[in-house]
There are 2 protein chains.
Amino acid sequence: MSDSDGNGSGGVRALDAALGLLQAMAALPGPASLSDIARAANVPPSRAHRYLASFLAAGLAEQAGRSGKYDLGPGASALGLAAIARHDFVNRAAESLAALCDQTAMTGLIAVWGTAGATVVRWQRTRMPVITSMGLGTTMPLLNSATGRAFLAWSAPAPILSVLDSELRRAAETPGLIPDLDATPAGVAKMKEQVRAQGFAAVEGRFIPGLVAIAAPVLDWQEEAQAVVTLVGTDTGAILPGSDAVTALQTFCRQQSLRTPGRR
Amino acid sequence: MSDSDGNGSGGVRALDAALGLLQAMAALPGPASLSDIARAANVPPSRAHRYLASFLAAGLAEQAGRSGKYDLGPGASALGLAAIARHDFVNRAAESLAALCDQTAMTGLIAVWGTAGATVVRWQRTRMPVITSMGLGTTMPLLNSATGRAFLAWSAPAPILSVLDSELRRAAETPGLIPDLDATPAGVAKMKEQVRAQGFAAVEGRFIPGLVAIAAPVLDWQEEAQAVVTLVGTDTGAILPGSDAVTALQTFCRQQSLRTPGRR
DNA sequence: GGAATTCATTGCGCAGAACGCAATACAGCG
DNA sequence: CGCTGTATTGCGTTCTGCGCAATGAATTCC
């Protein structure tokens with residue numbers, strides 16, 4: 001009886017119960033007595049005590065004072081930090097980014113979608129004296145940067161809508177700002193389609209005169225961009241489909257995508 | 001076999017083994033195959049599979065793809081965050097952090113030492129439009145971030161050794177990556193000394209071009225860093241010893257150090 | 001293209017382990 | 001001094017997890 005809880009996880013029964021208790025501990029606001037934890041986890045106190053003894057031994061839990069309450073221990077922190085670090089694709093991508101930049105001799109940057117738009121969070125210079133005014137935290141334009149276009153093509157429409165609106169409005173006010181784009185919803189849709197079909201976004205000298213850029217997304221399991229990796233250089237040939245730079249970039253993003261967790 | 005493992009935990013045997021496997025997963029650098037995990041935990045693969053099934057059901061682990069590798073899941077992150085928030089001063093400090101950020105008009109963040117390195121656990125933005133994605137879980141570099149340097153200066157050598165090694169190696173491969181540091185053990189020792197003498201670590205535009213940062217430790221009773229508080233801003237003057245920001249940061253850290261959890 | 005190796009995954013039966021119950025120990029408190 | 005509230009622990013029963021080995025599947029190698 002007892003409840004709908006009966007999920008057949010297929011694993012170890014005792015372990016399921018124990019983990020439920022662990023999560024119950026995590027859900028509680030603070031240190032709690034054994035009975036409270038047992039009640040919260042819907043487990044008899046004696047069992048809870050056994051489980052807690054194991055958690056104690058593993059460092060996942062600690063008991064305060066003498067005959068006191070239990071709470072999560074340093075092992076839980078360490079475990080969580082390991083999990084968090086693992087889920088942070090920015091760091092991992094950043095590590096490999098240096099190699100990618102070396103390989104292509106281009107400057108690389110990683111951007112994520114922040115509240116203000118596509119935000120640069122890492123960048124890796126090479127020997128190439130690419131002189132730009134952008135740094136970490138720069139938000140890239142949605143319509144006339146490779147980075148922005150990649151987000152446009154691989155993001156859910158909702159989050160980027162407001163930014164898209166304002167950029168479209170600005171583009172409409174200044175015709176010729178974006179030569180290769182029809183600044184209408186239809187034109188945007190067409191561009192989006194083209195970018196997706198191509199597998200990457202490219203601009204030449206649009207956002208920064210004299211420089212070319214290619215950008216590809218790091219996708220999560222929902223096929224949405226969690227981040228965009230961009231390569232910036234001066235060689236016009238690098239932006240053509242099939243070029244070494246494009247191939248390297250896409251390989252890189254595919255690798256990162258595989259390791260990307262979905263949720264946070 | 002009765003290896004020397006002699007239990008002594010007094011808890012549930014299967015749970016002990018399972019938790020050992022969980023910690024083995026955490027210790028591994030990234031996603032791993034079942035066999036690898038089983039080997040690392042010194043557990044037969046079939047048992048490992050049962051345990052992992054339970055971890056999977058509990059959300060503590062995730063398997064990538066279909067027949068893919070296992071790694072820690074979102075539940076592990078949540079657990080760790082709960083643990084950190086719990087037995088830690090982080091919450092308390094986080095409340096005061098807002099005030100500190102207001103006072104100095106800088107972005108603040110709190111980092112703790114995880115297995116992967118200095119891991120950001122809280123951050124408080126001000127109006128500075130930066131670092132949108134540097135958030136929970138970002139691991140900071142040891143050598144070229146103020147946060148990392150503060151850990152370097154006030155941590156026991158052992159835990160950070162591996163990270164230090166790899167960063168030194170990378171720094172040696174890329175001269176000029178860290179302009180103000182001699183990437184040798186001697187150079188590190190010197191920097192460490194200087195940071196300790198100064199009472200805080202500072203970088204200007206190193207980890208994040210265009211931004212400056214200062215970091216000071218929250219010490220425990222062993223004079224080791226429990227956490228590091230970092231302020232990030234754009235004003236170059238803020239990183240000078242004796243500046244308002246530095247003073248405020250140090251006062252803040254001293255206060256937090258006093259409140260070290262008197263657990264024992 | 002076929003075969004062999006290396007994985008992850010899963011039945012099955014037995015032994016050992018965990019569970020429930022209830023007794024114990026200990027603290028605070030009337 | 002006894003009562004009530006904890007946490008903790010024996011003990012016997014039975015249920016469950018474990019080892020072994022077969023299966024399925026994917027990748028590699030020839």
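Quantities reported herein were computed from a predicted structural model and do not represent experimental measurements. First the proteins, then the strands, lettered A, B, ... as listed; each starts at 1.
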Pick out the pairs of N or O atoms, protein on one side and nucleotides 12-16 of chain C on the other, that lie under 3.5 Å.
none

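Contact record, A/A38 with A/P45: CB-CA, 3.9 Å, taken as the closest heavy-atom pair. When all heavy atoms of A/S145 and A/V203 are compared, the pair lying nearest together is C-CG1, 3.9 Å.
Atoms CD1 (A/I37) and C1' (D/dT6) sit 13 Å apart, rounded to a whole Å. Distance CG (B/L15) to C1' (C/dC19): 14 Å, rounded to an integer number of Å. Nucleotide C/dT9 holds its P atom 9 Å from the CG atom of B/L56, rounded to whole Å. Atom CG in A/L21 sits about 16 Å away from atom P in C/dA18, given to the nearest Å. Taking atom CG on A/L52 and atom P on C/dA18, their separation rounds to 15 Å, with Å as the unit.
Between A/S33 and the phosphate of D/dA7, there is a side-chain N or O to OP1/OP2 separation shorter than 4.0 Å. Side-chain N/O atoms of B/Y51 include one lying less than 4.0 angstrom from OP1 or OP2 on D/dC18. Phosphate contact (OP1/OP2 of C/dA8, side-chain N/O of B/S35, threshold under 4.0 Å): present. In this structure, A/R47 does not reach the C/dA18 phosphate: none of its side-chain N or O atoms is under 4.0 Å from OP1 or OP2. In this structure, B/Y70 reaches the C/dT9 phosphate: one of its side-chain N or O atoms is under 4.0 Å from OP1 or OP2. Between D/dT6 and A/Q63, no contact under 4.0 Å exists linking OP1 or OP2 to a side-chain N or O. The side chain of B/H49 places an N or O atom within less than 4.0 Å of a non-bridging phosphate oxygen (OP1 or OP2) of C/dT9.
Along DNA chain D, the nucleotide nearest A/L34 and the nucleotide nearest A/A14 are compared for position; the residue whose nucleotide lies closer to the 5' end is A/L34.
Ion pairing of A/D36 with A/R39 is present here, as a side-chain N (NZ or NE/NH1/NH2) and a carboxylate O approach within less than 4.0 Å.
With D/dG19, D/dT9, D/dC18 as the candidates, the nucleotide lying closest to the side chain of B/P44 is D/dG19. For B/S46, taking side-chain heavy atoms from C-beta onward, the closest of the listed nucleotides C/dC19, C/dC21, D/dA21 is D/dA21.
Annotation: side chain of B/V120 is in contact with side chain of B/M140 (closest heavy-atom distance under 4.5 Å). With a 4.5 Å cut-off on side-chain heavy atoms, A/I110 and A/V228 do not count as touching. Considering only heavy atoms from C-beta on, B/T147 stays 4.5 Å or farther from B/L142 through its side chain.
Expressed to the nearest 0.5 Å, how far CG of A/L22 lies from CG of A/L79 amounts to 8.5 Å.
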